[in-house]
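Structure first, commentary second.
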Amino acid sequence: MGKIRGSAAETVSPAGDGFEEAPQTPPTETLSISQRAMRRGADRYLEALNPEQREAVETLDGPLLVLAGAGTGKTRVLTTRIAHLLRLGRAHPGQILAVTFTNKAAREMKQRVSELIGGAVEGMPWLGTFHAIGVKILRRHAELVDLKPSFTVLDTDDQIRLIKQLLAAENIDEKRWPARVLASMIDGWKNRGLRSERVPDGESYGFANGKGRDLYAAYQRRLKDLNAVDFGDLLLENLRLFQDHPDVLARYQQRFRYMLVDEYQDTNVAQYLWLRLLAQREDGEPQNVCCVGDDDQSIYGWRGAEVDNILRFETDFPGAKVIRLERNYRSTAHILGAASGLIAHNQGRLGKTLHTEGDDGEKVVVQGCWDDEEEARVIGEDIEQLQRHEHALNEIAILVRASFQMRAFEDRFITLGLDYRVIGGPRFYERQEIRDAIAYLDVTLNPSNDLKFERIVNVPRRGLGEATLKSLHQLARANEIPLTQAARLIVETEELKPKPRRALAGLLADFDRWRSMVDTMRHTELAELILDESGYTGMWQADRSQQAEGRLENLKELIRFMEEFDTLAGFMEHVSLVMDAATEEGTDRVNLMTLHSAKGLEFDTVFLPGWDEGLLPHQRSLDEAGRSGLEEERRLAHVGLTRARKNAKITFAQNRRNYGMWQTAVPSRFIDELPHEHVQVAEDDGLRGYGPSRFDSEDMFASGNYETPGWQRARANRQRSGGAPRREPITIEGTLVAASTAEGAGLELGQRVFHQKFGYGRVSAIDGNKLTVDFEKAGRKKVVDSFVERV
DNA sequence: TAAGCTGAAATTTTT
DNA sequence: TTTCAGCTTA
């Protein structure tokens, strides 16, 4: 994982080592002896802040919005503020509510607070993600919302499986109305704080001709039956709890004397409502709520985040103070200038002007490429160049808009032997083997968890297929009992054939045995035993596919992770909410990730490939959300640029393969929105022109309309290597040893081919690497083999 | 039950 | 083009 760095002004020593007396503190008599003793540590941490940061830390009463631009020390303000509250004795750790979006952010905040206050205060119980805090509150009052305190939190897989069952029960064609579509609709409604009865008609009609709302309601009923909630419910049920039980709400309002919210621009409606309920005090006490965010970094609108929440803050919280952090400690003036100039094109923003006192640095480089392969090649070469100048690979990142872009880079880096790591992707907990393992553990503890039982009943294969499961379901539904119980009954009957019957009985006996060991055996050992005896480990050991080894490794990692908990139940409680991908650090590698997952990170050098119209901004964003979509894409571009400390390079490709079809791409409009004074257009150094580019000009540029600006640029930058796409020229340490020939490319007379300019056609003559092709639309043309693809 | 086939879809991702 | 899910066939 790329390191999250603090701002450049990271010079604070852990508080507690200073001797200065605090300049302004509350009356000493209100503090305990230990607090007074702690206070001798003084306010050195405040002196390390700039005036705006300091104001944000010291404005303790009333609503406060801190607009913290990229690299302006946002996390430091939040953590210092918490430390300050504690140091002044304004609140006990248990009276501060601090919410983040990710576990990572929560962990980091804990870490930094405890560094600031010298580790003297035990962990803050109410510092965590919205969801983690939501679970905590919900467990305490579960009965008030028709749940048992032991409720389980469903993951996405379980959700889908459950919805599939509902659709089947309603005889809804899953092809036309896929379960995942309904799942994401329900998710969207929950993000907006909507319970089924309040789903608007129009939206209800969006699924299965008006069954949307009813299915949502049925889904919720099933959840209650299962004593389960999904992620969205964690907040929604909190809202219900607070709304229906004002006394409970009042207790939390009084408890949380100070509230802090990180990444406020990412909050959705439900989270916003939740915060408002907690902050809205009727007893006349001030609403000490401090939200920190940056409207220019709001990039999660598509999953329910409402930029409006941050834009509306002053209306929502009358008398709110707004403090802008605009002093950037991260990037050079050129990078900042480019980013600021770009984001200034957005309309709906509160407006900030980032500035730095640092060097101008290098201008942002822009370079056009022929296609994505060349893009990868150019960037690969740049990286090798940087490497020769001892630039750490860890400090280089390639930020792409969509993950399919990564492939070209991975291919290239593998050929170059350049170490890289991919950040993001499927998270640890989401991996199949991890979910399977957890399902085994879950059923061991909780035999009535039907969804988990179904998941693993035939993994590894035990001959318990569709037919068996169907009988089980029938019996379970008829008697309203969990599947495992139905299984117990059914093995006593003649209903199943001997084979499945024996298999099922065996599995039940296994679970019983494992369950009997829960209290006596160490939970990590038990987990290993279960995975072993169930045949699950064996299944992957027998699997000779490439990924099998990694999966076994992940299972071991899971056991290691369990060590951090005392009991199996304790582990299960947290596993769905608090398990991140374990990213190795340590080795020096180039970082490859999406723009989304780059938020919050920073690197010396950042490459931003794929600034093509349609990719960034993404076409789908434009289609679905119009101007606000465009603005979110622009913010994404802005996030990308502001990740760079020293160097940023933007590239675009003139040809991109979209689902197999070559398409001519146009440079992103964002490129032309960058201020000229901060940008340098890369010149072709002529060194890269190997391969067919030496001799294909006569064909490529002799005829036809090649005078468009795009083609002119393409010509200026032409560095195409030999070989049809996906077929690298054979090189030994960069020396071309075998250029493509028509024969080598497997072309023969009559072969149907595709050309990005002329379309489809058939080869009518071959002369070395030059082909004569009869194109279906463009007629007979002479082209170089490397410009066509076999189809 | 399991491999092979066919057709549709194809951003971004956290909890 | 690739991937993946669901369906068909051995």
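By convention in this document, chain letters (A, B, ...) are assigned in the order of the sequence lines, proteins followed by strands, and residues within each chain are numbered from 1. Computation of the quantities below employed the complete heavy-atom set of this structure, encompassing side-chain atoms and omitting hydrogens, waters and symmetry-equivalent molecules. The model shown is predicted, which means the values in this text are computed figures rather than measured ones.
Within residues 399-406 of chain A, the residues approaching DNA chain B are A:R401, A:A402, A:S403, by heavy-atom distance under 4.0 Å.
Both A:G232 and A:R462 lie near DNA chain B, and the one whose nearest nucleotide falls closer to the 5' end is A:R462.
At the heavy-atom level, A:L464 lies under 4.0 Å from the strands shown only through sugar-phosphate atoms. At the heavy-atom level, A:E263 lies nowhere under 4.0 Å from the strands shown. Using a 4.0 Å heavy-atom distance criterion, A:E174 is classed as a sugar-phosphate-only contact. A:E624 comes within contact range of at least one nucleobase, with a heavy-atom separation under 4.0 Å. Using a 4.0 Å heavy-atom cutoff across all strands shown, A:G134 reaches no nucleic acid atom at all.
The six-membered or imidazole ring of A:F652 lies away from that of A:W611, with a centre-to-centre distance of 6.0 Å or more. Close placement of the A:H596 and A:Y300 rings is indicated, their centers lying within 6.0 Å of each other. Aromatic ring centres of A:F101 and A:F130: separated by under 6.0 Å.
One atom, CG of A:L235, and another, P of B:dT15, lie 13 Å apart when rounded to the nearest Å. We find that CD1 of A:I160 is positioned 13 Å from C1' of C:dA5, with the value rounded to whole Å. Protein atom CZ of A:R407 is 6 Å distant from nucleotide atom P of C:dT2, rounded to whole Å. Protein atom CG of A:D157 is 14 Å distant from nucleotide atom P of C:dC4, rounded to whole Å. Taking atom CG of A:L601 as the reference point, atom P of B:dT13 lies 13 Å away to the nearest angstrom. The separation between A:Y300 atom OH and B:dT11 atom P is 16 Å, rounded to whole Å. The NZ atom of A:K190 sits 18 Å away from the P atom of B:dT15 (whole-angstrom rounding). When rounded to the nearest whole Å, the span between CD1 of A:I299 and P of B:dT13 equals 9 Å.
Out of B:dT1, B:dT11, B:dT15, the shortest distance to the side chain of A:H618 is found at B:dT11. Closest to the side chain of A:T594, out of B:dT11, B:dA2, B:dT13, is B:dT13. Of the candidate nucleotides B:dT1, B:dT11, B:dT15, B:dT1 has the atom nearest to the side chain of A:R461. When the nucleotides B:dT11, B:dT14, C:dT2 are ranked by their closest atom to the side chain of A:R303, B:dT14 comes out on top. Nearest to the side-chain atoms of A:K175 among the listed nucleotides C:dC7, B:dA10, B:dT15 stands C:dC7. Minimum atom distance to the side chain of A:R620 is reached by B:dT11, of the listed C:dG6, B:dT14, B:dT11. Side-chain atoms of A:S621 lie closest to B:dT11 of the nucleotides B:dT11, B:dT15, B:dT1.
Rounded to a whole angstrom, the distance from the P atom of C:dT2 to that of B:dT13 is 22 Å. Rounded to a whole angstrom, the distance from the C1' atom of B:dT12 to that of C:dA5 is 23 Å.
Atom CG in A:L162 sits 6.0 Å away from atom CG in A:L226 (nearest 0.5 Å).
Regarding contacts with the backbone of C:dG6, a side-chain N or O of A:K164 is found under 4.0 angstrom from either OP1 or OP2. Phosphate contact (OP1/OP2 of B:dT15, side-chain N/O of A:N103, threshold under 4.0 Å): present.
An aromatic stack links A:W302 and the base of B:dT12, using centre distance under 5.5 Å and interplanar angle under 30°.
Looking at residues two or more places apart in sequence or on another chain, you find no ring-ring contact (aromatic ring centres under 6.0 Å, His included) involving A:F607.
At a threshold of 4.0 Å, the pair A:R412-A:E373 does not count as salt-bridged, since none of the basic side-chain nitrogens sits closer than that to a carboxylate oxygen.
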Between A:N591 and A:Y420, does a side-chain contact (heavy atoms from CB on, under 4.5 Å) hold up when you go through it step by step?
-> CA-CA 6 Å; A:N591 300 285; A:Y420 69 92; over 6 Å; no
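Legend: side-chain hydrogen bond (donor to acceptor under 3.5 Å, both in side chains) pairs involving residues 124-142 of chain A, not counting sequence neighbours, sorted by first then second residue: A:R139-A:E573, A:H141-A:Y252.
Under the salt bridge (Lys or Arg N to Asp or Glu O under 4.0 Å) rule, A:D296 has a single partner from A:R349, A:R635, A:R634, A:K599, which is A:R349.
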